[in-house]
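Accompanying notes for the structure given below.
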Amino acid sequence: MSMFEPLVFSGVQPTGNLHLGNYLGAIKRWVALQENHNCIYCVVDQHAITQAMSVWGGPAELMRNTREVAAAFLAAGVDPQKHIVFNQSRVRQHAELAWVFNCVARMGWLSRMTQFKDKAGKDRENASVGLFTYPNLMAADILVYRATHVPVGEDQKQHLELTRDIAQKFNVDFSDRIAELGLGMETKSGDETISSYFPLTEPVIGGPAARLMSLRDGTKKMSKSDPSDLSRINLIDDPDTISKKIRKAKTDSEPLPSDLEGLATRPEADNLVGIYAALTDTDKESVLRDFGGQQFSVFKPALADLAVAKLGPIASEMRRISADPGYVDAVLKQGGERASVLAEATMRDVRDIVGFLQD
Ligand code: TYM
């Protein structure tokens with residue numbers, strides 16, 4: 001049985017307020033994966049416009065945020081020479097494949113997506129159709145490169161399961177045609193062997209920061225759109241702001257426990273310990289070995305110093321890179337050209353598989 005070439009793909013929406021959750025849950029882990037994988041990292045600007053314009057801010061804001069997110073990738077250590085960095089809308093094949101997936105995915109599958117329900121809220125009739133079909137575009141982002149691994153935070157897990165369902169249905173529906181064209185990999189589908197064109201992508205989710213919570217409410221995810229800026233640490237926050245937000249973070253009045261069990265019913269404490277662990281590349285157990293029994297009056301200043309030491313250089317690098325938008329634009333353009341070559345190779349196959357005439 002042949003294996004698909006390992007390839008990493010991931011993306012971030014340019015919707016403002018890039019925060020510590022985006023960094024620790026995703027971007028920092030992308031940087032680690034660069035060591036021994038080929039990686040493609042994308043600013044998903046087409047996803048940003050699925051919500052109301054008041055949320056994504058309109059054209060000028062979208063362009064600013066796209067450049068800022070790209071600058072954050074670079075500042076965090078993503079290497080745009082060895083790997084590929086670009087903005088999604090430059091590579092038309094994402095949207096082209098998303099159309100095919102609109103015809104593969106079922107209404108019932110998309111209706112179960114919790115992110116759609118959260119974002120559409122009560123007024124579902126008024127949500128954009130794009131918000132509903134968003135996961136099909138996300139599947140296309142990944143599969144247009146036949147990527148095998150996708151590092152993301154926990155909140156994207158359901159979308160990646162859908163990506164696998166779409167790949168599987170496409171493979172099964174077109175298996176004969178894929179085999180006839182000689183484009184498939186032999187893979188197992190239940191007891192049968194089928195000729196698969198798309199890999200079943202593996203989510204790469206994990207570590208102590210897979211789901212960072214709001215600093216104001218340990219039961220809510222840290223999010224770009226939370227109206228309270230105190231709920232999150234933004235990547236561009238200055239040292240004083242970072243320290244203030246950690247000092248003001250909601251906690252309880254108990255000292256830190258010495259084992260994981262002691263965190264189970266204390267979401268705010270659990271969250272801060274997770275942040276400490278992720279920033280030091282350790283795990284929560286080891287943080288509790290150092291701080292178990294200590295009061296927050298000791299732990300919070302230590303966490304603030306750590307966060308400032310780790311995030312300060314990224315913020316200043318982001319500012320330095322952003323001061324030269326010509327550089328960021330050149331990176332995205334060159335990345336887009338390289339990505340387009342790969343994406344077009346896939347789309348030529350897909351057009352043949354589906355039966356679209358082409359030259
Ligand atoms: P987005 O832009 O909301 O978030 C970008 C990345 O940050 C992670 N993340 C978090 N991780 C831990 N704790 C948090 N509180 C937290 N908040 C966000 C997200 O899981 C994500 O990894 N649909 C995606 C973008 C996307 C994509 C893709 C990702 C579009 N196409 C293809 C991977 C592959 C999104 O909205 O992420």
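Atoms within a ligand are numbered from 1 in the order they appear, just like the ligands themselves.
Just one residue in the list Ile353, Asp165, Leu97, Leu143 forms a side chain to side chain contact (heavy atoms under 4.5 Å, CB included) with Phe170, and that residue is Ile353. A side chain to side chain contact (heavy atoms under 4.5 Å, CB included) with Asn271 is found for one member of Thr219, Leu212, Thr251 and no other, namely Leu212. When the options Gln93, Arg92, His94 are evaluated for a side chain to side chain contact (heavy atoms under 4.5 Å, CB included) with Glu96, the one that passes is Gln93.
Listed by number with element, the atoms of ligand 1 under 4.0 angstrom from any heavy atom of Ser10 are 33 (C), 34 (C). Close contacts between ligand 1 and Ala26 involve ligand atoms 6 (C), 7 (O), 22 (O) [criterion: under 4.0 Å to a heavy atom]. Applying the 4.0 Å criterion to heavy atoms of Val150 picks out, from ligand 1, the atoms 33 (C), 34 (C). Listed by atom number, the atoms of ligand 1 under 4.0 Å from Val12 heavy atoms are 2 (O), 5 (C). Shown in contact with Gly25 at under 4.0 Å from a heavy atom are these atoms of ligand 1, numbered in order with element: 11 (N), 12 (C). Shown in contact with Asp141 at under 4.0 Å from a heavy atom are these atoms of ligand 1, numbered in order with element: 28 (C), 30 (C), 31 (N). Heavy-atom proximity to Gln13, at under 4.0 Å, picks out these atoms of ligand 1: 2 (O), 35 (C), 36 (O). If you number the atoms of ligand 1 from 1 as listed, the ones under 4.0 Å from a heavy atom of Ala210 come out as 11 (N), 12 (C), 13 (N).
Looking only at protein heavy atoms, the nearest one to atom 28 (C) of ligand 1 is Met138 CG, 3.4 Å. Distance from atom 37 (O) of ligand 1 to its nearest protein heavy atom, with residue and atom name: Gln156 NE2, 3.8 Å. Ranking the protein heavy atoms by distance from atom 25 (C) of ligand 1 puts Gly11 O, 3.7 Å first. Nearest to atom 17 (N) of ligand 1 among the protein's heavy atoms is His19 CE1, 3.6 Å. Summary of contacts: the protein heavy atom closest to atom 36 (O) of ligand 1 is Tyr134 OH, 2.7 Å. Atom 19 (C) of ligand 1 has Asp155 OD1, 3.3 Å as its closest protein atom, hydrogens excluded (heavy atom only).
You'll find the side chain of Leu263 reaches within 4.5 Å of the side chain of Leu288, heavy atoms only. Between Val85 and Leu332 there is a side-chain heavy-atom pair separated by less than 4.5 Å.
We find that Glu161 and Arg164 are not joined by a salt bridge, their nearest charged nitrogen and carboxylate oxygen being 4.0 Å or further apart. Note on Asp217 versus Lys250: no salt bridge recorded, every NZ/NE/NH1/NH2 to OD/OE distance being 4.0 Å or above. Classification of Asp229 and Lys245 as a salt-bridged pair holds, one side-chain N sitting under 4.0 Å from a carboxylate O.
The proximity of Ile142 to ligand 1, defined as any non-hydrogen pair under 4.0 Å, is limited to the side chain. Neither the backbone nor the side chain of Cys42 comes within contact range of ligand 1; no heavy atom lies under 4.0 Å. When heavy-atom distances to ligand 1 are checked against a 4.0 Å cut-off, Ala209 comes that close only through its backbone atoms N, CA, C and O. Contact annotation for Val44 and ligand 1: only side-chain heavy atoms (C-beta onward) come within less than 4.0 Å of the ligand.
Considering backbone and side-chain atoms alike, Gly21 places an N or O below 3.5 Å from some N or O of ligand 1. Taking distance alone, with nitrogen or oxygen atoms compared against 3.5 Å, Met222 approaches ligand 1 more closely than that limit.
The distance between the ring centers of His83 and Phe9 does not fall below 6.0 angstrom.
Under the 3.5 Å distance criterion, the side-chain polar atoms of Asn171 are matched with a main-chain donor or acceptor of Tyr197. Panel note: side chain Asn87, backbone Asp45; no donor-acceptor pair is recorded below 3.5 Å. At distances below 3.5 Å, at least one donor-acceptor pair connects side-chain atoms of Asp238 with backbone N or O atoms of Thr241.
Which of Asn22, Ile40, Asn271, Leu212 comes nearest to atom 5 (C) of ligand 1 through a heavy atom is settled by distance: it is Asn22. The option from Ser214, Ala139, Gly153 that lies nearest to atom 22 (O) of ligand 1, judged by heavy atoms, is Gly153.
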Which is it for Gln158 and Gln115 under the side-chain contact (heavy atoms from CB on, under 4.5 Å) test, yes or no, and what are the steps along the way?
CA-CA 9 Å; Gln158 197 185 28; Gln115 193 159 85; 5.8 Å; no

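Assignment of Lys224 to the shell around ligand 1 is supported, since a heavy atom sits closer than 4.0 Å. Not a single heavy atom of Gln88 sits closer than 4.0 Å to an atom of ligand 1.
Residues Thr346 and Asp349 have side chains that never bring a donor and an acceptor to within less than 3.5 angstrom of each other.
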